[in-house]
Amino acid sequence: MKSKEEVIKEMQLVVEQMRLDDIEENPDCENEFFTCNACGETKSLAGSVQYGAYRLCNDCVLYAEVGFELGQIKTIDDLIDAMEDRRLEADCEFLKQEQKRLEN
């Protein structure tokens with residue numbers, strides 16, 4: 001059985017390769033953005049993955065795949081639930097930035 005560190009390192013390579021493959025297939029995707037359903041941040045489409053109704057950024061794909069591999073999550077909904085606080089932080093940060101922009 002692989003150690004947690006081995007699983008993480010292996011998945012980091014896989015997820016980074018997915019990002020590079022996406023950019024090779026469609027260079028524009030690196031500059032196309034969406035709001036990640038897990039972390040709530042605006043991220044590049046490159047390396048993102050659609051899991052059912054959710055699109056996850058490359059960083060969150062890593063969390064998901066490591067979580068699946070280590071048995072820490074069973075479904076993508078488990079990750080979405082676990083990341084709720086991060087989404088709230090991202091939303092609050094967006095609102096703060098928008099307020100500053102409107103004041104200037």
Side-chain angles (χ1 to χ4, degrees):
M1 179 147 167
K2 294 179 195 162
S3 72
K4 185 176 180 177
E5 290 75 19
E6 288 172 319
V7 168
I8 292 170
K9 283 181 183 171
E10 188 176 287
M11 294 314 297
Q12 283 174 322
L13 294 174
V14 168
V15 170
E16 176 60 12
Q17 190 59 55
M18 290 167 52
R19 191 182 74 78
L20 294 174
D21 289 349
D22 281 357
I23 293 168
E24 188 177 315
E25 286 176 31
N26 177 9
D28 292 340
C29 76
E30 191 173 19
N31 299 309
E32 293 173 7
F33 298 92
F34 74 103
T35 301
C36 176
N37 291 129
C39 67
E41 295 179 27
T42 301
K43 297 287 189 95
S44 170
L45 270 175
S48 68
V49 173
Q50 188 79 33
Y51 292 89
Y54 304 110
R55 177 162 290 281
L56 272 56
C57 69
N58 194 249
D59 294 334
C60 290
V61 169
L62 178 61
Y63 296 141
E65 294 303 324
V66 168
F68 288 136
E69 189 74 23
L70 296 175
Q72 294 172 330
I73 61 172
K74 299 288 180 223
T75 69
I76 204 65
D77 290 319
D78 293 342
L79 179 72
I80 298 295
D81 292 345
M83 302 272 302
E84 185 176 4
D85 288 347
R86 288 222 19 216
R87 284 193 306 280
L88 289 173
E89 286 174 20
D91 289 346
C92 290
E93 188 56 37
F94 172 78
L95 291 172
K96 282 189 231 167
Q97 294 303 322
E98 193 62 15
Q99 188 63 38
K100 280 183 189 171
R101 190 183 67 78
L102 293 173
E103 289 171 359
N104 291 331

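Positions are given from 1, in the same order as the sequence printed here.
One finds the NZ atom of K9 at 8.0 Å from the OG atom of S3 (value rounded to the nearest 0.5 Å). To the nearest 0.5 angstrom, D22 atom CG is 8.0 Å from N26 atom CG.
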E65 vs V14, side-chain contact (heavy atoms from CB on, under 4.5 Å): CA-CA, chis, key distance, verdict: CA-CA 10 Å; E65 294 303 324; V14 168; over 6 Å; no
Stepwise salt bridge (Lys or Arg N to Asp or Glu O under 4.0 Å) test for E98 and R101: CA-CA 5 Å; E98 193 62 15; R101 190 183 67 78; 2.5 Å; yes
Evaluation steps, side-chain contact (heavy atoms from CB on, under 4.5 Å), between K4 and I8: CA-CA 6 Å; K4 185 176 180 177; I8 292 170; 4.0 Å; yes
Criterion side-chain contact (heavy atoms from CB on, under 4.5 Å) on L13 and Q17, from CA distance to verdict: CA-CA 6 Å; L13 294 174; Q17 190 59 55; over 6 Å; no
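Sparse packing is recorded around CD of E24, with 12 or fewer heavy atoms of other residues, nucleotides or ligands lying under 6.0 Å away. Heavy-atom contacts from other residues, nucleotides or ligands closer than 6.0 Å to CZ of F34 number more than 12.
Between the side chain of N37 and the backbone N or O of L56 there is no donor-acceptor pair closer than 3.5 Å. In this structure a side-chain-to-backbone donor-acceptor pair under 3.5 Å is present from N58 to V15. Remark: side-chain polar atoms of E5 are not paired, donor with acceptor, to backbone N or O of V7 under 3.5 angstrom.
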Do any side-chain atoms of residues 79-90 form donor-acceptor pairs under 3.5 angstrom with protein atoms, and if so which ones, sequence neighbours left out?
{"residue": "R86", "atom": "NH2", "partner": "E41", "partner atom": "OE2", "Å": "3.3"}
{"residue": "R87", "atom": "NH1", "partner": "A38", "partner atom": "O", "Å": "3.1"}
{"residue": "R87", "atom": "NH1", "partner": "I80", "partner atom": "O", "Å": "2.7"}
{"residue": "R87", "atom": "NH2", "partner": "I80", "partner atom": "O", "Å": "3.2"}

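Electrostatic pairing of R19 and E16 counts as a salt bridge here, judged by a charged N lying under 4.0 Å from a carboxylate O.
A chain of hydrophobic side-chain contacts below 4.5 Å, direct or via other Ile, Leu, Val, Met, Phe, Trp or Tyr residues, connects V61 to V66. Residues F68 and Y63 share a single hydrophobic cluster, defined by chaining ILVMFWY side chains whose heavy atoms lie under 4.5 Å apart. Linking Ile, Leu, Val, Met, Phe, Trp and Tyr residues whenever their side-chain heavy atoms come within less than 4.5 Å leaves M11 and L20 in two separate clusters.
Q97 is listed as a side-chain neighbour of K100, based on a closest heavy-atom distance under 4.5 Å.
Heavy atoms only, all atoms of each residue included: Y51 and A64 are closest at OH-CB, 4.0 Å. When all heavy atoms of Y54 and I76 are compared, the pair lying nearest together is CD1-CG2, 3.6 Å.
A side chain to side chain contact (heavy atoms under 4.5 Å, CB included) with K43 is found for one member of S48, C57, C60 and no other, namely C57.
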